[in-house]
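First comes the structure, then the notes that go with it.
Numbering of residues begins at 1 and proceeds along the displayed sequence.
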Amino acid sequence: MSKNSLLQKDILVTDTSSLVTFPDLINTVRDYNIFIPIEVLEELDKLKTYKDHTGVAARQVNRHLDALRKRSSIFKGVPTENDSVVFVICNSDLKCLPETLKDNVDNRIISVAYQAQETFGNVMLTSEDIALRVKCDSLGIDCCNVEDLIGGRNDDISYSGVSTLEVTEEIIDTFFAEGEIDPSDFDLQEVYHPNEFVVLKAGQQSAILRVWSDGIWRKLHYAGTTKKFKVQNIRPRNKEQSLSLELLLDPGVSMVTLTGMAGCGKTLLAIAAALTELQAKHYDKIIISRPAESTSKEIGFLPGTKEEKMMPWLQPIMDNLKVLLGKNGQGYVSMMFDKGQIEVEALSYIRGRSLLKTYFIIDEAQNINIKEAKALITRMGKGSKIVLLGDLEQIDSTRLVKSTSGLGVVVDRFKEFEGSGHVTLTKGERSKLATYAAEVM
């Protein structure tokens, strides 16, 4: 590795705790030279035999590194898809640190960061170990945990799918008269994304428009704007629910992401739209899934078939189906399962499938990682639609944060894609208690 090439990027030194807590770290951070001390590889080798999340994570990191090794020499540096370069560093040296420090793995990792800082001057060490971070700070080494690192430098997940714009009454009058407006005709050249919604306001007047892929702003086509609009006898209770249904009912939108607090109606809306689309024969079947706990790999301890194992995790969705289908809901649900019109699927069994004319709903998608999100989306064949639902404020996995959640990354990276749409629902509709709890806890 040449000094000139390393000076072009900041250096990130990782310890074992960061890699085990965030196994996708090296594939997530952007534009870094990532230094992995060889002592970290030794620790990962010991941890890989553990029978818990730690062992799973250690094996996952080892697979990532093995895939990089097959492409090029990790000693010389291997580029990642996010414009970072991964190196394994073998020259830890305690002589550069105070003599009182013991010869252990943590101090050798610190010595790698210290030497890199002395040579290049642009180094950050990431660790989930508080004591190690304090020690680094005492030695003048910049140090942070991964959540702070990624939150500061990775994906912007603030996109809500709905914007508000103050305009003149003339613009709103034109929209109501013609049903659409070309923003360039009114010098409205701010940046908007395909399938984003714009709320126009002029004094007491307002209008809701959808940005279409050709850049023209048009009225809602599928959800309608009247109070009589219903889907499976469900009437939207607020603006964001109506906008969600606009995307959920549009066969031209092949992926929809809905985020928001518990009780805002994400799951109910998605199930109602899926049933409507199935009845209209736009799709052949509905597939429903949900991560078991924090990942999709932990259903084996439950007895029974795959469907029986998944059922406890999918019970909230089954409850919604029964509500939508009325007093005979249990019978209808059973009949649709028997006909193959509704399936439940474990996320771990999705790889290798090609889903055609399928309405695929992933509930609690905040608990999938980026790799799992990619595996799901790339399964979608012609005529299919995938809907990812979740609350980025309620991530159950200890190995994910907002910006490493597969749902959060999808919201950000697909906002420019004309076949995708997103809405953040902001109002709880389950009950005052549920809404208050979501806000204060």
List in chain and number order the residues that pass salt bridge (Lys or Arg N to Asp or Glu O under 4.0 Å) with [X], two or more places apart in sequence or in another chain; answer none if no residue qualifies.
{"X": "Glu42", "value": "none"}
{"X": "Lys46", "value": "none"}
{"X": "Lys70", "value": "Asp66"}
{"X": "Asp45", "value": "Lys48"}

Problem set entry | Any side-chain donor near an acceptor of the partner, Ser84 and Asn82, under 3.5 Å |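 Ser84 vs Asn82: no donor-acceptor pair found between side chains.
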May I have the list of side-chain donor-acceptor pairs in residues 250-264 shorter than 3.5 Å, sequence neighbours left out?
from, atom 1, to, atom 2, distance (Å)
Asp250, OD1, Tyr222, OH, 3.2
Asp250, OD1, Gly252, N, 2.8
Asp250, OD2, Arg210, NH1, 3.2
Asp250, OD2, Arg210, NH2, 2.6
Ser254, OG, Gly419, O, 3.2
Thr257, OG1, His422, ND1, 2.8
Thr259, OG1, Thr424, OG1, 3.2

Exercise. Salt bridge or not for Arg353 and Glu343, using N-O below 4.0 Å?
Worked result: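 Salt bridge: yes.
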Under 3.5 Å, which donor-acceptor pairs link side chains of residues 130-143 to any protein atom two or more places apart or in another chain?
from, atom 1, to, atom 2, distance (Å)
Arg133, NH1, Ser127, O, 2.8
Lys135, NZ, Asn107, OD1, 3.0
Ser138, OG, Val134, O, 3.0

Problem set entry | Partners passing side chain to side chain contact (heavy atoms under 4.5 Å, CB included) against Ile38 (at least two apart in sequence or in another chain) |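 With sequence neighbours excluded, Ile38 shows a side chain to side chain contact (heavy atoms under 4.5 Å, CB included) to Leu41, Val88, Cys90, given in chain and number order.
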Exercise. Can you list the residues that meet the side chain to side chain contact (heavy atoms under 4.5 Å, CB included) rule with Leu268, with sequence neighbours excluded?
Worked result: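 Leu268 satisfies side chain to side chain contact (heavy atoms under 4.5 Å, CB included) with Ile234, Asn320, Leu324 only.
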Exercise. Going by the salt bridge (Lys or Arg N to Asp or Glu O under 4.0 Å) test, which pairs reach into residues 106-129, not counting sequence neighbours?
Worked result: Asp103-Arg108
For this session: Using the test side chain to side chain donor-acceptor pair (under 3.5 Å), find all partners of Gln341 that sit at least two apart in sequence or belong to another chain.
Result: none
Exercise. For Ser163, which residues count as a side chain to side chain donor-acceptor pair (under 3.5 Å) partner, sequence neighbours excluded?
Worked result: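 Expected list: Glu196.
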For this session: Applying ring pair (Phe, Tyr, Trp, His ring centres under 6.0 Å), name anything that partners His64, two or more places apart in sequence or on another chain.
Result: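 By the ring pair (Phe, Tyr, Trp, His ring centres under 6.0 Å) rule, His64 matches no residue at all.
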